[in-house]
Amino acid sequence: MKENLAKTYDPKEFEDRIYRMWEESGAFRAERDPEKKPFTIVMPPPNITGQLHMGHALDQTLQDVLTRYKRLQGYSALWLPGSDHASIATEVKVVDRIREEGLEKEDLGREEFLKRAWQWKEEFGGKITRQCRKLGDSCDWDRERFTMDEGCNRAVNHFFVQLYEKGLIYRGNRLINWCPKCGTSLSDAEVEHEDKNGFYWYFRYPGADGGEGIVVATSRPETMFGDVAVAVSPDDERYTDMIGKKVVLPIVGREIPVIADPYPDPEKGTGAVKITPAHDENDFQVGQRHDLENLCCINEDATMNHVAGKYEGLDRYECRKAWVKELEEEGYLVKTEEMVIPTGECYRCHTVVEPMLSDQWFVKMKPLAEPALEAARDGRLTHVPERFEKTYVRWLEEIRDWCISRQLWWGHRIPAYYCDECGEITVSEETPTKCSKCGSEKIRQDEDVLDTWFSSGLWPFSTLGWPDETEDLKYFYPTDVLVTGYDIIFFWVVRMVFSALETTGQVPFKDVYVHGLVRDEQGRKMSKSLGNGIDPLEVIEQYGADALRFMLTTGITPGNDMRFKKDRLESSRNFANKLWNASRFVIMNLEDEMPEKVDPSLWKDEDKWIISRINDAVKYVTEAMDKYDLSLAGQRVYDLIWNEYCDWYIEIVKERLYGDDAQDKKTAQYVLISSLRQMLTLLHPFMPFITEEIWSHIAEKAVDEKDPDTFLIRASWPEYDEGLRFPEEVNCLQMAMDITRSIRNIRAEAEAPAGKKLRSIILSDEDKMEIAKSGERYVKTLANLSGLQFTSTKGDVPEEVMSAVIDGAEIFVPLDDLMDYEAELARLRKEKKRLEGEVRRVDGKLSNQGFMSKAPEKLINEEKEKKVMYEEMLSKVCLRLDQVEKKIGG
RNA sequence: GAUCCAUUAGCUCAGUUGGGAGAGCGUCUGGGUGACAACCAGAAGGUCAUUGGUUCAAGUCCAAUAUGGGUCACCA
């Protein structure tokens, strides 16, 4: 006898073992097989600082489902894993760590600090990837990459130099977003905008000529020290005569000009704007137009500098408080107004960002954005769901130059070298030994590192060997689909696309599959600060990885958030349990040998029915998977296994398994097991562990732990087969199931015990008699009958019965002393009402001239048939109702 | 301010070329039946947010409104 599965479903017992078997046998390895088509996904690299959270679990499960599906379909499927150095995030962690030793990073020096950072990476960097294995991720671990490994470093330098030489990277002194806490510049995308309650303070700037001067409003009085002008609209009549005159900066005493510029809106505030070019983007532009000085009054740590006079050294907000007080005491404050102030915050530490004038490196975006837009417009790049293309397009259309230098140590150091002699900047992939212009050896490398996203942007091809024309790059690139959350479309997706188009000339992936966030049971975002995060590893410990995976990939829609519900987790686990038990049943009913293939001529109706149902499901599931409708695909497999295979097929087939007909028994065994194999394959992408475990007990060719080709993970995805449609047998089973349900229904309503054998009479229409009778043996067992009689004459039906009507037949159950006419009456009335409704609906359609003239003929015929059917059923119900009413009356 | 999403059974959500409203959980009624109580057999429960439009036909397409949520935006 074949060894059976354990008595109870216990995922802990086999999940790790199965994973080890896959990994050690090389089942995940993707070969460059010219016979196969490639399928590639690169994993969005998790930060080395992070822990695996539910967001990763969702993101990765989706990728794994797709990868496993394609692998089963015979593709050479590569899912390439890796992790991201996460410049700012990691640096902050390492700084915190050395601070525990009472040290600042400056105390260590750059070299020693980087050593510590690498130590951190070694220590924690592998954590997430180890955790991925628990989820069942079928990544090719031999190809695992890190954004700061040698190859990626080379790609980054190469890309930087390429852009620089094309004039797409430049160094400039411009206004950038500065995070005072992280001590670095940020890109626009790294600044989060938030509305905060604050004030407008209205201050009078007196005229230098002793006149009234001008009143300006500001939400940031501390920047007044950096004011270099007051701007008014040239069309603002209130201020026409002020233009060209000077006003005095209160208390400071410095005289500044009143200038005319289109920027001020006469409708807003007082119509006059103080201009602080060093601390505001708009003011900066005004300053450029009027050739004004950029007077900086705030330090990098957000304290005031010497320009603020006695406030030097004070924090910007402390200064604000004291300064407003002083201005008020001196009579310059005209009024204060409560106001909602939009502020920018650092996306890492949420410190209010300070716009600062600074020397930084920038990427010129317009020339890069255009091809990326084109790729979306002409369909080389598609978004799932489609609507995210708008997000993508709008961001690219409004894009500004990208500040890529960061004042940090952990990251890719900018490959630019300054000559101390002549000031020349040498940009080079290889570390130069001397200045490219004057030949001096006194050169030093730029201190800054690059934005993390600069290297992430190269991920889909740097991981495959670019800039070298490697075999991997040729075979696996461009990748097929990128799976990611909508929250990083801007940060990441967009940058990968333009970087790829610029370097490889191809889109980095054809499709972008966008998923939502996993929220908690109340619908809140899971976050560290709320402490409402659910640890995927704990869930796996309790319910198994398969249950988690199934729960995450079904019952959701692409692009929409999902709520983490324990209910659904339990229901997924129950489904696994159901499959486990069904498989146990199948195995326990096998002989010593695996059943051999039987000739289709031996198939019974129910065999053809389940084969046909599976065949239909294969078509449906394959189409859904191809459209990324994983949820619908998973749901369909669930229904197939539970509601068709378990609920009906297994129940029907039991009689044959316990019977004496040896050949028929073998047929049943074969169909049972071959159906199961197909269903396991369909389910495998979603629930890889349990399906692989069961497979190892029922595979046609024995599983060899060393040979991945014998595993389910490398089996063949079933294909839809026109030859496996059996409409007649499907109809027969359908009718048998309808009759069975009717009888069960009657039994329940009459409160007859399930164990009690009943008799039933089926009064069938002539044309349906054959088909009804062909289902006799199913109905007898499934409805637990002692006798079943078919007739076409009404007279054969006894009077004391309960009844039900289905298409083509009436079902009667004589209940003798169990007879409950009240229940029967109630049920018949309900049925009558329902049928009347149906007839009304169909009549409505058929008497509608528009419908009759415009609807497709096929549909009209269907409706006509329905009309006949419903009317027949109704008349039967009415007749029966009459009888019962008389009975009760008499 | 611009834009996107959501609104379907008590709860959480599916519903993909417009053509008879579904699942899981919960509730109610039966059930220890030779895989499964993490189960089986039944049942109740919905003017698909509102209004208008297109269509023979709308949960599904279009337009407005309401409520909730998200994203983007240089407003002193």
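Lettering of chains follows the sequences in order, A, B, ..., and the numbering in each one begins at 1.
- Closest to the side chain of A:S571, from the set B:G24, B:U12, B:C74, is B:G24.
- When distances run from any side-chain atom of A:R400 to the nucleotides B:C4, B:C36, B:C74, the shortest one goes to B:C74.
- Rounded to whole Å, the separation between the C1' atoms of B:U60 and B:G1 comes to 32 Å.
- Remark: the separation of the P atoms in B:G59 and B:G19 is 10 Å, to the nearest Å.
- When heavy atoms are screened at a 4.0 angstrom cut-off, A:S853 is found touching no nucleic acid atom at all.
- Checked against side chain to side chain contact (heavy atoms under 4.5 Å, CB included), A:F199 has the following partners two or more places apart in sequence or in another chain: A:W201, A:T336, A:E338.
- Separation of the P atoms belonging to B:G46 and B:U50 is 15 Å when rounded to the nearest angstrom.
- A donor N or O paired with an acceptor N or O is found under 3.5 Å between the base of B:A38 and the side-chain atoms of A:R573.
- Taking atom C1' on both nucleotides, B:A49 is separated from B:A58 by 16 Å, rounded to a whole Å.
- Ranked by how close their nearest RNA chain B nucleotide is to the 5' end, A:A189 and A:I341 are led by A:A189.
- Using C1' as the reference atom, B:G70 and B:C61 are 25 Å apart when rounded to the nearest Å.
- With sequence neighbours left out, the salt bridge (Lys or Arg N to Asp or Glu O under 4.0 Å) criterion links A:D626 to no other residue.
- Among the atoms of the strands shown, base atoms are found under 4.0 Å from some heavy atom of A:P264.
- Across all strands, A:R841 comes closer than 4.0 Å to base atoms (heavy-atom distances).
- Across all their heavy atoms, A:L632 and A:A624 have their closest contact at CB-CB, 4.5 Å.
- If you check distances only, the side chain of A:E651 does reach the base of B:A35 with a donor-acceptor pair under 3.5 Å.
- Between A:K566 and B:G24 there is no side-chain polar atom (N or O) within less than 4.0 angstrom of OP1 or OP2.
- Residue A:K390 is in sugar-phosphate contact alone, with no base atom involved, counting any heavy-atom pair closer than 4.0 Å across all strands shown.
- Residue-level contact check: A:W201 touches neither bases nor backbone, having no heavy atom under 4.0 Å from any strand.
- In this structure, A:R834 pairs ionically with A:E831, as a charged nitrogen and a carboxylate oxygen lie closer than 4.0 Å.
- Distance, A:W395 CH2 to B:G70 C1': 18 Å, rounded to whole Å.
- As rounded to whole Å, 12 Å separates atom C1' of B:A58 from atom NZ of A:K845.
- Counting only Watson-Crick or G-U wobble pairs whose defining distances are both under 3.5 Å, the stems of 3 or more consecutive pairs in RNA chain B are B:1-7 with B:66-72, B:10-13 with B:22-25, B:27-31 with B:39-43, B:49-53 with B:61-65.
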Could you write out each protein N or O paired with an N or O of nucleotides 13-15 of chain B at a distance under 3.5 Å?
{"from": "B:C13", "atom 1": "OP1", "to": "A:R563", "atom 2": "NE", "distance (Å)": "3.0"}
{"from": "B:C13", "atom 1": "O2'", "to": "A:G555", "atom 2": "O", "distance (Å)": "2.9"}
{"from": "B:A14", "atom 1": "OP1", "to": "A:T557", "atom 2": "OG1", "distance (Å)": "2.2"}
{"from": "B:A14", "atom 1": "O5'", "to": "A:T557", "atom 2": "OG1", "distance (Å)": "3.3"}

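- Comparing the P positions of B:G22 and B:A44 gives a spacing of 13 Å, expressed to the nearest Å.
- Partners of A:R220 by salt bridge (Lys or Arg N to Asp or Glu O under 4.0 Å), not counting sequence neighbours, listed by chain and number: A:E222, A:E354.
- Using a 4.0 Å heavy-atom cutoff across all strands shown, A:K858 reaches no nucleic acid atom at all.
- Under 4.0 angstrom from either OP1 or OP2 of B:C74 there lies at least one side-chain N or O belonging to A:H193.
- For A:K565, whose side chain is taken as the heavy atoms from C-beta onward, the closest listed nucleotide among B:C36, B:C11, B:G42 is B:C11.
- The aromatic rings of A:F575 and A:W642 lie parallel to each other, their planes meeting at an angle below 30°, with 60° marking the opposite boundary.
- Of the side-chain N and O atoms in A:W648, none sit less than 4.0 angstrom from OP1 or OP2 of B:C40.
- For B:U33, the OP1/OP2 oxygens have no side-chain nitrogen or oxygen of A:N784 closer than 4.0 Å.
- The nearest whole Å value for the distance from the NZ atom in A:K525 to the C1' atom in B:G70 is 9 Å.
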Assess the residue pair A:F585 and A:L657 against the criterion (side-chain contact (heavy atoms from CB on, under 4.5 Å)); give the C-alpha distance rounded to whole Å, side-chain angles, the decisive distance to 0.1 Å, and a yes or no.
CA-CA 11 Å; A:F585 171 83; A:L657 293 172; 3.7 Å; yes
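- Heavy atoms of A:D567 sit under 4.0 angstrom from primed sugar atoms or phosphate atoms, though from no base atom.
- Residue A:Y658 has a polar side-chain atom (N or O) positioned under 4.0 Å from OP1 or OP2 of B:A35.
- Under the salt bridge (charged side-chain N to carboxylate O under 4.0 Å, His left out) criterion, the residue pairs touching residues 546-557 of chain A are A:D64-A:R549, with sequence neighbours excluded.
- Spacing between B:A66 and B:C13 at atom C1', rounded to whole Å, works out to 23 Å.
- Considering only side-chain atoms of A:D195, the nucleotide from B:C36, B:A73, B:C39 that sits closest is B:A73.
- Atoms CD1 (A:I275) and C1' (B:C74) sit 12 Å apart, rounded to a whole Å.
- Remark: A:N745 is not in phosphate contact with B:A41, judged by side-chain N or O atoms under 4.0 Å from OP1 or OP2.
- A:I650 places its CD1 atom 11 Å from the P atom of B:C40, with the value rounded to the nearest Å.
- Here A:Y200 lies in heavy-atom contact (under 4.0 Å) with sugar-phosphate atoms only.
- Rounded to an integer number of Å, the gap from CZ of A:R519 to P of B:G70 is 7 Å.
- Straight-line distance from the CD atom of A:E398 to the C1' atom of B:U3: 10 Å, rounded to whole Å.
- Summarising the geometry, the separation between CD1 on A:I746 and C1' on B:A41 is reported as 14 Å, rounded to the nearest angstrom.
- Across all their heavy atoms, A:V637 and A:M679 have their closest contact at CG1-O, 4.4 Å.
- Comparing the C1' positions of B:C28 and B:C4 gives an interatomic distance of 42 Å, to the nearest angstrom.
- Within the nucleic acid shown, A:D487 has no heavy atom closer than 4.0 Å to any nucleic acid atom.
- Inspection of the A:E192 and A:Y347 side chains reveals no N or O donor paired with an N or O acceptor under 3.5 Å.
- Between A:D647 and A:K627, the residue anchored nearer the 5' end of RNA chain B, judged by the nucleotide with its closest heavy atom, is A:K627.
- In this structure, A:F388 and A:Y486 have parallel ring planes: the angle between them is below the 30° cut-off, well short of the 60° mark.
- Between the side chain of A:T343 and the main chain of A:E194, a donor-acceptor pair closer than 3.5 Å is present.
- Between the base of B:C36 and the side chain of A:K578 there is a donor-acceptor pair shorter than 3.5 Å.
- Of the possible polar contacts, one joining the A:Q669 side chain to the A:N589 backbone as a donor-acceptor pair under 3.5 Å is found.
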